[in-house]
Amino acid sequence: MTEHATVASFTPVTTHVGTVDRWSKTVIPTLREAPAEATTPSHQLLLRAGYIRQVAAGVYDYLPLAWRALRKISQIIREEMDAAGGSEMLMPAMAPLEIFDETGRAADYGDDLFQLTDRHGRATVLGPTHEEVITDFLRHAVTSYRQLPLVLYQIQSKFRDEPRPRAGLLRGREFIMKDAYSFHLKVEGEGGLNESYDAMYRAYSNVFTRCGLDFTAVEAEAGPIGGSASHEFMVNCETGEDTILRCPESGYAANVEKCEIGERAWSFDGGTGFQPVTLTKVHTPNMPGIEGVAQHLGTTAAGMLKTIVLEPAPGTESGGWTGCSPWYGATTRSTKASSATRSGSRPRLADEKRAKAAGFAIGYVSPLASKSVSGRCLVVVDPDAAQGSTAWATGADEADHHVTGFNWTRELGESLADQSYVKVAEIRNAVVGDPSPRAPGASLVAQRGIETGHIFKLGCKYSDAMGFHVMDESQKRQSVIMGCYGIGVSRTMAACVEMSHDEGGIIWPAAVAPYHVHIVLMKPDDAEHAALADRLATELRVAGLDVLLDDRKERPGVKFKDADLIGMPVRLTIGAKALEAGGVECKARSESGHGEVVPLDAVRDRCLAILQG
RNA sequence: CAGGGCGUAGCUCAGCUUGGUAGAGCACCUGCUUUGGGAGCAGGAUGUCGCAGGUUCGAAUCCUGUCGCCCUGACCA
């Protein structure tokens, strides 16, 4: 155990020495059964194995074992961040609401932002990320281009009042995150944003590789963080809640929200000899479900055009409504619509009241609605929906009514050619089987994942909003160009468990395991056995390994079950059986069975060999 | 936010329909036995039945409200 000096002393550390902890001196509250609220493997196992305990929805205690694993992950991150030129610092968890108003993110985050009022009535937020805080700091501290570039990072608790926390550590309301921020005067070249972005990309790959995770880096949407380019690092895992799409030919991979779709054929023209069916209005009362309506109309969801109404983000002048028409069942992306309409800001789903006031029969909107609505309205049609030879069913722009036999050419006529009125563009999410955007003939495949890292090229969004300028060489004031880079530390720990476990419990990758070696002392009362356990533990500690010594007076079965549950990579069993054979039993957690007897003087090397895998 | 479910011992849950002394298994404590995969016997301790109100002679049980937690969806670094 650690010895504590009573006077100030300093000893330079020249070699890494591990630790030895005794089970009886710490708390590892294992559970025979998983609490009912846990449904995902990592949540159940972290709870059962005594790593975490829930304090409130999405808020957890990190017990000693979890904290050790988190520190291992944090250490890996620190080493890689430092190698990429970062400096670690620590910002406060709370900050004044004002600075989030400066950038408009208080509104963007909305209810997801944890807010509180202090005794003086000041509005305060618990930080969901720290772009504002660090920008506020640096706009005062950095005034010259000579101080750039800079990369700063911290490992801190983050707070997001998620509408629905779930799956234990995978989606919490308080979680541990490494967030890094880089600051530049230019995008390209030495010291530019791209250089740091690429360095971070490599650092992230190193971090997740060292953590023993199988991951894919994918192109992603920037979301409310804002910015241009963005990549997510997804741990490949069936139980992940995110879906990514991948092109098997080109290696292109992207988040579903971002994923582009390859060329698709479309035409409003039905072709020669095509005879459109008569447009018929059908009364469809009390049919909220689209399947029911489709059935009633004698078609399927995929045979119906849906039109969702978007309104421009408040404060933008581009004005006018946008109707988006893919077929029913497809997920419409307002971000894709915004790039299709080239409206700078992201349009959002229209407020039902305002849309109704403007003349939209919400729930029964057809692409024709745009004609009768007050104000400008652009209809964006997905290529799949822009098929003239299909007899579409759609809304009748009248409550409780739909039409069948909708035909683009007949219904819209000349207007189809008017680009300011009708536009064909990709506005739906990509799905499995869609053509690849990078390799002709190839189709996209899906893969589940857990997002553990996300990097962004922010540009000047924050520096402009908050007035972070520096003088450049030519004495011109310039906005600082930023990047930001996050890793969910607590989520990464959960992802390790999610990826690596069996029925018996967790199987930690050696690099993030709370301890490397778990010594099971069968007879803690036997002085000879206990002495041997101490001797081996010390030897391993000196070799740089962390050791957990189960010295509890428990039955063997209990100890073995617990050892499997908490999942240290190597288990040493000290008991009469192996000692008679002249050694101790050594077993890798990933192997089944009893392991093998290893002579005492070979234990250290055997452990190291197992850990090096 | 919509839909669904659950709150009873540390954990898993029964009891509620049909109101009448608060239950089981595991865990915990004591003793004996046992000692290589969650032991056995005997004894013991453990509760604001989420909370508040109502109905009733009497409420874990019925009614109303409220809070918390979980799941599916919407949403989301």
Side-chain angles (χ1 to χ4, degrees), chain A residues 29-40 43-44 47-48 50 53-59 105 108-113 127-131 158-168 170-173 175-180 220-227 230-234 241-242 255-257 288-289 331 334 348-349 352 450-456 458 484-492 503-505 520-526 552-565 571 573-580 584-585 587 592-595 597:
Chain A
T30 57
L31 257 24
R32 186 184 294 229
E33 288 163 295
E37 69 260 20
T39 53
T40 43
H43 192 191
Q44 290 181 328
L47 234 26
R48 275 193 63 206
R53 234 11 61 110
Q54 179 166 320
V55 176
V59 180
R105 278 216 305 169
D108 287 349
Y109 264 105
D111 289 338
D112 281 7
L113 196 62
T129 61
H130 282 69
E131 283 81 5
K158 293 286 185 281
F159 301 84
R160 289 184 200 175
D161 198 356
E162 292 284 347
R164 182 147 94 81
R166 68 184 105 182
L170 288 177
R171 177 163 301 279
R173 294 194 300 162
F175 53 96
I176 301 172
M177 173 168 161
K178 184 287 301 181
D179 46 322
E221 280 294 338
I225 297 275
S230 167
H231 284 86
E232 284 175 347
F233 288 77
M234 310 287 294
E241 62 175 321
D242 295 302
N255 188 309
V256 273
E257 278 115 49
T331 311
S334 55
R348 48 191 72 190
L349 198 60
E352 194 167 328
I450 300 167
E451 179 194 351
T452 50
H454 202 156
I455 58 178
F456 305 81
L458 287 178
C484 78
Y485 318 90
I487 291 180
V489 179
S490 43
R491 186 185 274 184
T492 297
E503 312 86 64
V520 177
L521 186 51
M522 302 296 284
K523 289 181 193 270
D525 287 336
D526 184 312
R552 294 174 302 165
K553 293 182 178 61
E554 281 289 351
R555 299 180 59 79
V558 173
K559 293 188 161 198
F560 288 136
K561 288 286 186 194
D562 275 345
D564 286 348
L565 231 200
R571 191 186 79 194
T573 306
I574 298 181
K577 277 192 180 173
L579 280 176
E580 279 166 24
V584 295
E585 192 183 290
K587 176 178 122 35
S592 55
H594 289 255
V597 175

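Each chain gets a letter, A, B and so on, in the order its sequence line appears, and its residues count up from 1. Computed over heavy atoms, backbone and side chain alike; hydrogens, waters and symmetry mates excluded. Here the structure is a predicted model, which is why all the values come from computation and not from measurement.
- Remark: A:Q54 is in phosphate contact with B:rC70, judged by side-chain N or O atoms under 4.0 Å from OP1 or OP2.
- Nucleotide B:rC41 forms a pair with B:rG31, judged by Watson-Crick or G-U wobble geometry with both contacts under 3.5 Å.
- For the pair A:M177 CE and B:rC76 C1', the interatomic distance rounds to 13 Å; values are reported in whole Å.
- The residue A:G488 sits close to a base: some heavy atom pair falls under 4.0 Å.
- Using a 4.0 Å heavy-atom distance criterion, A:A34 is classed as a sugar-phosphate-only contact.
- At a threshold of 4.0 angstrom between heavy atoms, the contacts of A:A36 are confined to the sugar-phosphate backbone, with no base atom among them.
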For this session: Summarise how protein sits on nucleotides 32-38 of chain B as a single string, 5' to 3': B when a protein heavy atom is under 4.0 Å from the base, S for sugar-phosphate-only contact, - for no contact.
Result: --B-BBB
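- In this structure, B:rG36 makes no Watson-Crick or G-U wobble pair, since no nucleotide meets both defining distances under 3.5 angstrom.
- At a threshold of 4.0 angstrom between heavy atoms, the contacts of A:F233 with the nucleic acid are absent.
- Donor-acceptor pairing under 3.5 Å is lacking for the side chains of A:T129 and A:D179.
- Checked against the 6.0 Å centroid threshold, A:H454 and A:F456 count as a close aromatic pair.
- Spacing between atom CG of A:L170 and atom P of B:rC76 amounts to 19 Å, rounded to whole angstrom units.
- Between A:R164 and B:rC75 there is no side-chain N or O to OP1 or OP2 distance below 4.0 Å.
- Counting atom types as modelled, A:R166 pairs no side-chain N or O with a base atom of B:rC71 as donor and acceptor under 3.5 Å.
- Among the nucleotides B:rC69, B:rG73, B:rU12, the one closest to the side chain of A:A57 is B:rC69.
- Between the A:K553 side chain and the A:D525 main chain, no donor and acceptor come within less than 3.5 Å of each other.
- Across A:R173 and A:A57, no two heavy atoms sit closer than the pair NE-O, 2.7 Å.
- Base pairing analysis places B:rC1 opposite B:rG73; the two distances defining the Watson-Crick or G-U wobble pair are each below 3.5 Å.
- Atom CG of A:L47 and atom C1' of B:rG10 are 13 Å apart (whole Å).
- For the pair A:S490 (side chain) and A:I176 (backbone), a donor-acceptor distance under 3.5 Å is present.
- When each of B:rC70, B:rC75, B:rU12 is scored by its nearest atom to the side-chain atoms of A:P35, the top-ranked nucleotide is B:rU12.
- In this structure, the CG atom of A:D111 is 16 Å from the C1' atom of B:rA2, given to the nearest Å.
- In this structure, B:rU12 forms a base pair with B:rA24, meeting either the Watson-Crick or the G-U wobble geometry with both donor-acceptor distances under 3.5 Å.
- Pair check for B:rA52 finds B:rU64; Watson-Crick or G-U wobble, both atom distances under 3.5 Å.
- In this entry the distance linking OH of A:Y109 with P of B:rC75 reads 17 Å, nearest Å.
- Two residues, A:E37 and A:E162, neighbour RNA chain B, and the one matched to the more 5' nucleotide by heavy-atom proximity is A:E37.
- A salt bridge does not link A:E585 to A:K577: none of the charged nitrogens lies less than 4.0 Å from a carboxylate oxygen.
- In this structure, A:D242 and A:M234 have side chains that are in contact, with non-hydrogen atoms separated by less than 4.5 Å.
- At distances below 3.5 Å, at least one donor-acceptor pair connects side-chain atoms of A:R53 with backbone N or O atoms of A:L47.
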